[in-house]
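Starting off with a structure, shown below.
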Number of protein chains: 2
Amino acid sequence: MKKAQGGKVKMSDIASALGVSAMTVSRAFRGDAGINARTRARILSKAEELGYVFDSTASNLRQNRTGFVAVTVPSIENANFSATVRELSRGLLKRNIQILLANTEYDPEEEERLIAQLLRRNPEAIVLTGAQHTAKTRALLSKAPMPVIEIWDLPAKPIGHVVGFSNEASVRGLVDHMVRSGRRRLAFLGGETAHDPRGAQRRAGFVEAMAGHGLEATRLVPAGAAPVGMTEGASGLELMRELFPDTDGLICVSDLVAFGALAQCHRLGVKVPEDLAIAGFGNYEIGRICEPPLTTIDVHAGLIGSRTADMVLGLLEGTPPAAPLRQVLQPDLILRRST
Amino acid sequence: MKKAQGGKVKMSDIASALGVSAMTVSRAFRGDAGINARTRARILSKAEELGYVFDSTASNLRQNRTGFVAVTVPSIENANFSATVRELSRGLLKRNIQILLANTEYDPEEEERLIAQLLRRNPEAIVLTGAQHTAKTRALLSKAPMPVIEIWDLPAKPIGHVVGFSNEASVRGLVDHMVRSGRRRLAFLGGETAHDPRGAQRRAGFVEAMAGHGLEATRLVPAGAAPVGMTEGASGLELMRELFPDTDGLICVSDLVAFGALAQCHRLGVKVPEDLAIAGFGNYEIGRICEPPLTTIDVHAGLIGSRTADMVLGLLEGTPPAAPLRQVLQPDLILRRST
DNA sequence: CGGAAAATAGTTATCGATAACATATTGAGG
DNA sequence: CCTCAATATGTTATCGATAACTATTTTCCG
């Protein structure tokens, strides 16, 4: 039942059908103040009758506004990132702004290609998850006319605005907790690759925090290339027991990895937390449900999204701020029975 | 370092800088055949020098092509849907087509609002996850000039094209397996609400399959409104034990729910599969890792995405098919130790 | 009732790239 | 040296909505 007839209905069609001008129709659609209520009603009803669909491409060109925001994420399959995207999307919906989504697959080169594509579309703002970019990406974006927001990290040299938290400091909270409860032989699982900057920061935070307690952070277990998930957690636990059999506390780069390790402990008869304390990162739903539930860091992934949405809307409506905005969120330590 | 200078660089600026026409610049950018290689090189290098960024809004208007596809999902946080989106995105990237994403939050009214918005943007195609729509949505889409594809279901009255699988038939496979292994007092957890049509179909499939074995499907346990996850699985198991304590096999509306139930069994000392067999749906990563790993149905969520991408590309390039396309995928039964 | 302000609507030009058509240049063959 | 085709480039009009400006009608006051 596709519209077979050639010409599509446009504003001027409605206008001539009613003997008014196209401009009046345009005004009616935008709810412009200076238009007679009855005229407006006639226009809207005629539009409905003709099956008119507003064409935003024309409007986009004329107004130099597109009404969407470009968003890159390493992987939309990660529940943390998708929570951010969801809240971002929900927040932007208040102003009818939509999201143009791109997956970088944890690859800065791919990110560069995607951003080059996205820029051509004139998004109202560009939101980047992560702070690791190629030089060319940085160059492109620093010249871009729209706001750029890096989220999920606290870059030392931000391109524009920032909504993030400190991965290092968050891990410190976990280490402190483990040490406080008597564990000394701590290991960290994951985050060894340059390809996963957030994981690497968490691992760096681990090393740093251990040093703060006068402990050596020698128990660093690799988990492979990002994205690492439950599968890598399970195999990683085996590797840990092989390399550092005396470990009494394990901090994992994410709850998914921690759960994989926990499940493997189950299979091997390792008691958690008696034999081994396990902590995750990210406060995924699974950490709340599994047995024992996981001690973790809640990074407030959804909040990052909603705060970003608020920041975008603020930037679009108000006057540009003198200095780039930087919003630092405080993750929370969540203590559960796995430690 | 924002571009402070007023005017943005456009094709005609490059053109006049080189003493050629804007048309030639346009041709150079699109790699048009009839253009001198040296001219083209000069244009591209001058564009680089001036920091030119192609403006697709103008191109969109003139060519009546936008280069993006609108996609609605109930929730991007669901790993199954996000896998579909990822593969869809990946597949469309081959032709530089991007995704405009919208979350319906499992609400047909919200879907209607979103689709009305998305339509104004002239997407090249519209992909809807799910087949439950309001009458107005159906009306809007059946008049829409671009291809419409419903995925993840096999609607009786499709709007346009379809890439999906049968939820009912898939659950039948699980029931058959349970019955074959001697279980008779089977329960189904979830899918009772009209708000979650896929869950409802799975539950209907359960009832149907039980009837096929001459068994009564009286053990239907509600899990609450979509989205249901691990939390509802855990509470649902308790409810099941209260309502139907003699149950010996539990089929859950998803792996997440099944895992929640499994974790609760752990806590209550219920042995799986000895006391209770548990099966999930969707083949999420968690089902492979948890202990015991879950019997489930692999619906090939990623494949749905890549097949949809192929279908979209085919529809955009070739001549429109005489009849709407309908691609039916076959989910696989995956047997693991939880049953 | 006169006149100014407010309310309402119309005209024209424009956003930037590109389709469609027109023109200029080159080169090969006779 | 000329013709015709192939190659390379230029001109003009256009996609559809809307900003900026102008014109008309109403309203409301002294």
Side-chain angles (χ1 to χ4, degrees), chain A residues 3 6-44 46-47 50-67 96 117 119-124 145-146, chain B residues 3 6-44 46-47 50-67 96 117 119-124 145-146:
Chain A
K3 178 181 303 248
K8 84 176 189 192
V9 184
K10 57 181 105 161
M11 282 191 178
S12 60
D13 296 328
I14 300 174
S16 56
L18 291 175
V20 300
S21 75
M23 195 65 232
T24 301
V25 177
S26 173
R27 290 190 179 110
F29 269 93
R30 286 175 301 153
D32 226 349
I35 191 174
N36 184 288
R38 224 169 54 78
T39 310
R40 176 154 190 272
R42 282 172 60 218
I43 289 172
L44 295 185
K46 178 60 80 173
L50 298 180
Y52 172 72
V53 177
F54 182 89
D55 182 347
S56 76
T57 58
S59 174
N60 292 162
L61 175 60
R62 180 66 239 241
Q63 304 197 84
N64 199 28
R65 287 195 63 241
T66 52
N96 277 329
Q117 290 290 328
L119 272 174
R120 311 167 108 222
R121 293 189 178 276
N122 268 313
E124 310 258 341
M146 68 289 288
Chain B
K3 178 183 302 257
K8 84 177 187 191
V9 184
K10 55 183 106 160
M11 283 192 178
S12 59
D13 297 326
I14 300 175
S16 55
L18 292 175
V20 300
S21 75
M23 196 64 232
T24 302
V25 176
S26 173
R27 290 189 178 109
F29 269 94
R30 285 175 301 152
D32 226 349
I35 190 173
N36 184 289
R38 224 170 52 79
T39 310
R40 176 155 190 270
R42 283 172 59 219
I43 288 171
L44 294 185
K46 178 61 80 175
L50 297 180
Y52 172 71
V53 178
F54 182 89
D55 181 347
S56 76
T57 57
S59 174
N60 292 162
L61 175 60
R62 180 67 240 239
Q63 303 196 88
N64 199 28
R65 289 195 62 241
T66 52
N96 277 330
Q117 290 290 328
L119 272 174
R120 312 166 107 222
R121 294 190 177 275
N122 269 312
E124 311 259 339
M146 69 286 292

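To find a chain, count down the sequence lines: A is the first, B the second, and so on, and within it residues start at 1.
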So, OP1 or OP2 of D/dA17: does either fall under 4.0 Å of a side-chain N or O from A/Tyr52?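 Answer yes for this pair, as a side-chain N or O of A/Tyr52 is under 4.0 Å from OP1 or OP2.
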With DNA chain D as reference, determine whether B/Ala22 or B/Gln63 sits nearer its 5' end, using the nearest nucleotide of each.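 Between the two, 5'-proximity favours B/Ala22.
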Quick one: on DNA chain D, does A/Ala58 or B/Arg62 contact a more 5' nucleotide (nearest heavy atom)?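 It is B/Arg62 whose nearest nucleotide is closer to the 5' end.
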Which of these passes salt bridge (charged side-chain N to carboxylate O under 4.0 Å, His left out) with A/Asp55: A/Lys10, A/Arg62, A/Lys8?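 Exactly one pass, corresponding to A/Lys8.
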Measure the distance from CG on B/Asp13 to P on C/dG16 and round it to the nearest whole Å.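 One finds 9 Å between P of C/dG16 and CG of B/Asp13, rounded.
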Distance only, no hydrogens: is a donor on one side chain within 3.5 Å (strictly under) of an acceptor on the other, for B/Ser59 and B/Ser56?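 No, no side-chain donor-acceptor pair sits under 3.5 Å.
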Closest approach of A/Leu18 to A/Arg42 (non-hydrogen atoms, all atoms of both residues):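 It is O-NH2, 3.5 Å.
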Rounded to whole angstroms, how far apart are CG on B/Asn64 and P on C/dA19?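 From B/Asn64 CG to C/dA19 P: 12 Å.
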Take a 6.0 Å sphere around CZ of A/Arg30 and say whether it holds more than 12 heavy atoms from other residues, nucleotides or ligands.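 Yes, because the 6.0 Å sphere around CZ of A/Arg30 holds more than 12 heavy atoms from other groups.
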Could you check which of C/dA20, C/dG10, C/dG16 has an atom nearest any side-chain atom of B/Asp55?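 Nucleotide nearest to B/Asp55's side chain: C/dG16.
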Hey, are the side chains of B/Tyr52 and B/Met11 touching, using non-hydrogen atoms and a 4.5 Å cut-off?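 Yes, side chains in contact.
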Between A/Asp32 and A/Gly34 (side chain of the first, backbone of the second, donor and acceptor by atom type, cut-off under 3.5 Å), is there such a pair?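 Such a contact is absent between A/Asp32 side chain and A/Gly34 backbone.
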Need one value for B/Asn36: base, sugar-phosphate or nothing, where a base atom within 4.0 Å counts as base even if backbone is also close, heavy atoms only.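 The answer is sugar-phosphate, as B/Asn36 gets under 4.0 Å only of primed atoms, P, OP1 or OP2.
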Classify the nucleic acid contact of A/Phe29 as base, sugar-phosphate or nothing, counting any heavy atom under 4.0 Å across all strands shown.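 Since no nucleic acid heavy atom lies under 4.0 Å of A/Phe29, the category is nothing.
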Would you tell me if any nitrogen or oxygen in the side chain of B/Ser26 comes within less than 4.0 Å of OP1 or OP2 on C/dT18?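 For C/dT18, OP1/OP2 do have a side-chain N/O of B/Ser26 under 4.0 Å.
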How many Å lie between CG on B/Asp32 and P on C/dA17, as a whole number?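 Distance, rounded to whole Å: 16 Å.
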Nearest to the A/Thr24 side chain among C/dG10, D/dA17, D/dT9, which nucleotide is it?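 Comparing C/dG10, D/dA17, D/dT9 against the side chain of A/Thr24, the answer is C/dG10.
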For atom CE of A/Met23 and atom P of D/dA19, their distance in whole Å: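 Rounding to the nearest Å, CE of A/Met23 and P of D/dA19 are 6 Å apart.
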Considering only side-chain heavy atoms of B/Met11, which listed nucleotide, D/dA20, C/dA17, C/dA20, is closest?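 Closest nucleotide to the B/Met11 side chain: C/dA17.
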Starting at CZ of A/Phe54 and ending at C1' of D/dC15, how long is that distance when rounded to a whole Å?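 Those two atoms, CZ and C1', are 14 Å apart.
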Rounded to the nearest 0.5 Å, what separates atom NZ in A/Lys46 from atom CD1 in A/Ile14?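 Output value for this atom pair is 9.5 Å.
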Please report, rounded to the nearest Å, how far the C1' atom of C/dT14 is from the NZ atom of B/Lys8.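 It is 14 Å, rounded to the nearest whole Å.
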Students often get this wrong, so: under 4.0 angstrom with heavy atoms, is B/Ile35 touching a base, only sugar-phosphate, or nothing?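 B/Ile35: backbone/sugar contact only, no base atoms under 4.0 Å.
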Compare the minimum distances between each of D/dA17, D/dT11, C/dA9 and the side chain of B/Ser21, then state the nucleotide with the smallest one.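 So the side chain of B/Ser21 is nearest to D/dT11.
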Select base, sugar-phosphate, or nothing to describe what B/Val20 touches, counting heavy atoms under 4.0 Å on all strands.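 The answer is sugar-phosphate, as B/Val20 gets under 4.0 Å only of primed atoms, P, OP1 or OP2.
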Over how many whole Å does the gap from B/Arg65 atom CZ to C/dA19 atom P extend?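 Atom-to-atom, B/Arg65 to C/dA19, this comes out as 11 Å.
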For the helix from C/dC1-D/dG30 to C/dG30-D/dC1, figure out the bend between the end axes, five pairs an end, and round to 10 degrees.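 Answer for the end axes of this duplex: 40°.
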So, the side chain of B/Glu124 versus the backbone of B/Thr66: is there a donor-acceptor pair under 3.5 Å, distance only?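 Looks like yes, one N/O pair under 3.5 Å.
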Of the listed nucleotides C/dT8, C/dA17, C/dC15, the one nearest the side chain of A/Leu61: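 Of the candidates, C/dC15 comes closest.
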Counting only side-chain N and O atoms of B/Thr39, is one of them less than 4.0 Å from OP1 or OP2 of D/dT9?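 For D/dT9, OP1 or OP2 has a side-chain N or O of B/Thr39 closer than 4.0 Å.
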In terms of side-chain heavy atoms of B/Arg30, which of C/dA19, D/dA17, C/dA9 is nearest?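 Shortest atom-to-atom distance from the side chain points to C/dA19.
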Whole angstrom is fine here: how far is it from CZ in B/Arg38 over to C1' in C/dT26?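 Atom CZ in B/Arg38 sits about 15 Å away from atom C1' in C/dT26.
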